[in-house]
Structures are given as C-alpha cells and as structure tokens.
Amino acid sequence: MNLYKDFARFLALVFVFGTFPVSADDHLDVKNLEGFYVGVDAVYSHADVKNDETEGVGTLYSDNSKSNVPDNELVKSKRSRCHIDPSVNIGYSHFFNNWYVGLAGDVSFGKNNKSFVITDPADDEGYESKISGVSYTLKAKGGYYFRGLNSVVYGIAGVKWREVSYMRYAADRLSSKAKLKSPSFLLGLGFERPICKKLSLSAEYEYSWRNSSDSALWKNEEGVADFNVRQRLREHSLKIGVKYHI
C-alpha cells in the first residue's frame, strides 16, 4: 500500500506543477494531444457490494433423487473495497477544430479484498466474499478544447469489468464459488492538459454500476443443493495520470 501511496503522491505533485502556465516558446496546443498515446494513472476507487443469497430452484439433490426445499432467503451481506491502485491505459484522440473525440482502454492492478463472515457460530457457518483488485475498462470520450485554458474537458461513457466472488461454508460442507463478473455501465468526466511536446496530465472521475447474478452449489455427504446470488455493485473512481503521446 505504501508503494501505491507514493505513486499517487508523485502523480499529484506532477499534476499540480503541470497546471502552471507554460512559456510562450513551448507552443503547446491541441496538436500535442492528437493521435495515439499510452499512460499511467494513480486510481483511488471505492466499491460497494451488496449480496442477496437465496435458494436457487428450490430443490435438493441427494442420491440421485429430488425433494423440494423452501425458497427462503438465506443471507444478505455488504462489502466495500477502498484502495489506491496503479493503472495503465492506451488510447487514441482526434480533434475536429476544437471538438474532441477519443477511445481508450485501461487495466487497473491492485490487491484483492477478501472477507470471512460467520453467520452461525454453532455450525461454524458463514460466507467468503472477494472483490478482485484487477479491473478492465473500455470507454469513449467526447468534449471540447478550451484554448484559453489550453485544456480539454470531456465526458466519458463505457463499460467496466471487475469480478466479485461469493462462497458459502459450514463445518461439514463447502460451496462452489458464485462469480459475478458481468460488465458495469460507466459514466464520467475528464480533464487533460499538455505540459510538453509529448506529455500531458489528466484527471478523470468515473462512476460505474451493475446488477448481476450467478448460482453455486452446496456439497456434503448427504447431497448437493444449489443457491442463487444476486449482487448490486456501485463504484466511484478518481484517476490522476500522465500520458505519453506517440
């Protein structure tokens, strides 16, 4: 975590110095932002997950036979992940006079957030929830270049993938993992400013959300039972980074 914090402080310092006006001899304008680029970001993200677990189809499989099981709610749980992670991105920017459009993809790397919660101490029963530290994003951008600020302000729309797994356990049984990894919808705002011929500074805020579901199986000596997990994921992300324009 200290490495991530140091990386974030470094980018924040560069960003602050980059907001000062450049000299007239630098001649930095929209042309310095056009074309392909690669970049690195420090990403502060806060993700909230809510899980609702219920019996799946209401059946129990034991010795190749079926019997009805009441469709009762078993567990409701909440989990959060709050981290500063490094991210790498690649994209393309194009300008029509002062109007801006772009496409980008990024990968964020961080530590998984795993929790174990006991719901019934007598049976040593509970659940494990894990929010992956790795995420993938594809997004489109559109905005306007303000010459007085020598900066681009733009909106963001796209999709984001982050896996969340959920597993039940007890003293005599262990479930398979329910993996919830449907894409999230993403909206945001961004700002970019050139600081030299090949480099620019950027800051982006993104909000993503999804509702997804998956099923998993209980297993023990008596048989197998299935259950469903419904999940609500909401995530806020703030990115500060540097881009190298090829």
Side-chain angles (χ1 to χ4, degrees), residues 3-46 83-110 133-162 183-208 235-246:
L3 177 62
Y4 299 155
K5 288 183 178 179
D6 291 341
F7 181 60
R9 292 191 188 104
F10 167 75
L11 287 180
L13 185 64
V14 173
F15 185 81
V16 169
F17 278 103
T19 59
F20 289 101
V22 296
S23 67
D25 294 334
D26 289 331
H27 300 295
L28 300 182
D29 58 20
V30 67
K31 295 180 181 179
N32 298 94
L33 300 176
E34 193 162 36
F36 288 98
Y37 64 83
V38 294
V40 293
D41 296 302
V43 183
Y44 171 80
S45 67
H46 181 93
H83 278 264
I84 297 176
D85 304 319
S87 174
V88 295
N89 60 79
I90 184 170
Y92 179 80
S93 299
H94 187 74
F95 290 85
F96 300 92
N97 294 322
N98 289 341
W99 293 100
Y100 161 73
V101 293
L103 294 173
D106 60 57
V107 182
S108 180
F109 306 91
V134 179
S135 67
Y136 309 90
T137 304
L138 291 175
K139 52 195 176 184
K141 306 176 184 180
Y144 191 80
Y145 174 74
F146 293 90
R147 293 189 179 276
L149 299 174
N150 193 26
S151 303
V152 180
V153 178
Y154 52 88
I156 304 169
V159 290
K160 182 175 186 176
W161 290 266
R162 186 186 295 279
S184 299
F185 297 101
L186 181 148
L187 293 175
L189 292 172
F191 166 91
E192 186 175 359
R193 174 188 175 92
I195 56 174
C196 64
K197 186 176 181 181
K198 292 289 187 179
L199 292 178
S200 66
L201 294 175
S202 65
E204 295 181 348
Y205 166 76
E206 296 174 352
Y207 173 72
S208 58
E235 185 170 0
H236 300 268
S237 300
L238 178 62
K239 302 181 178 182
I240 298 177
V242 179
K243 292 180 172 60
Y244 176 79
H245 296 264
I246 301 172

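Note: hydrogens, waters and symmetry copies are ignored here, and every other heavy atom, side chains too, is used.
- Within the 4.5 Å cutoff, side-chain heavy atoms of Phe95 are placed close to those of Val152.
- Within the 4.5 Å cutoff, side-chain heavy atoms of Leu201 are placed close to those of Val242.
- Closest approach of Glu34 to Ser93, counting heavy atoms only: CG-O, 3.5 Å.
- Although no hydrogens or angles enter the test, the distance criterion places a donor-acceptor pair under 3.5 Å between the side chain of Ser87 and the main chain of Val107.
- Considering every non-hydrogen atom in both Pro183 and Val159, the closest pair reads CB-CB, 4.4 Å.
- Residues passing the side chain to side chain donor-acceptor pair (under 3.5 Å) test with Tyr44, sequence neighbours excluded: none.
- For the pair Ile90 and Tyr37, the minimum side-chain heavy-atom distance is 4.5 Å or more.
- Residues Val153 and Tyr145 fail the side-chain proximity criterion, which asks for heavy atoms closer than 4.5 Å.
- Put simply, CG on Leu189 and CD1 on Ile156 are 7.0 Å apart, with the number rounded to the nearest 0.5 Å.
- In this structure, His245 NE2 and Asn32 CG are separated by 8.0 Å, a value rounded to the nearest 0.5 Å.
- At a threshold of 4.5 Å between non-hydrogen side-chain atoms, the residues Val88 and Val38 do not count as touching.
- What you find for Ser237 and Ser45 is that their closest heavy atoms are OG-CB, 3.7 Å.
- For the pair Lys141 and Glu192, the minimum side-chain heavy-atom distance is 4.5 Å or more.
- Of all non-hydrogen atoms in Leu138 and Gly105, the two that sit nearest each other are CD2-CA, 4.1 Å.
- Ser108 contributes atom OG, which lies 10.5 Å from atom OH of Tyr136 (distance to the nearest 0.5 angstrom).
- In this structure, the side chains of Asp106 and Lys139 come closer than 4.5 Å at one or more pairs of heavy atoms.
- Proximity of the aromatic rings of Tyr205 and Tyr207 is defined here by a centroid distance below 6.0 angstrom, and this criterion is not met.
- Relative orientation of the His94 and Phe96 rings is perpendicular, given thresholds of 30° and 60° on the angle between their planes.
- Among all heavy-atom pairs drawn from Arg193 and Asn150, the shortest one is CG-O, 3.7 Å.
- The side-chain heavy atoms of Phe146 and Ser151, taken from C-beta on, include no pair separated by under 4.5 Å.
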Start with the C-alpha distance between Tyr100 and Tyr144, add both sets of side-chain angles, then the distance that settles side-chain contact (heavy atoms from CB on, under 4.5 Å), and finish with yes or no. CA-CA 5 Å; Tyr100 161 73; Tyr144 191 80; over 6 Å; no
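- Distance CD/Glu235 to OG/Ser184: 7.0 Å, rounded to 0.5 Å.
- Lys198 NZ to Ile246 CD1: the interatomic distance, rounded to the nearest 0.5 Å, is 8.5 Å.
- Separating the NZ atom in Lys239 from the OG1 atom in Thr137 is a distance of 4.5 Å, to the nearest 0.5 Å.
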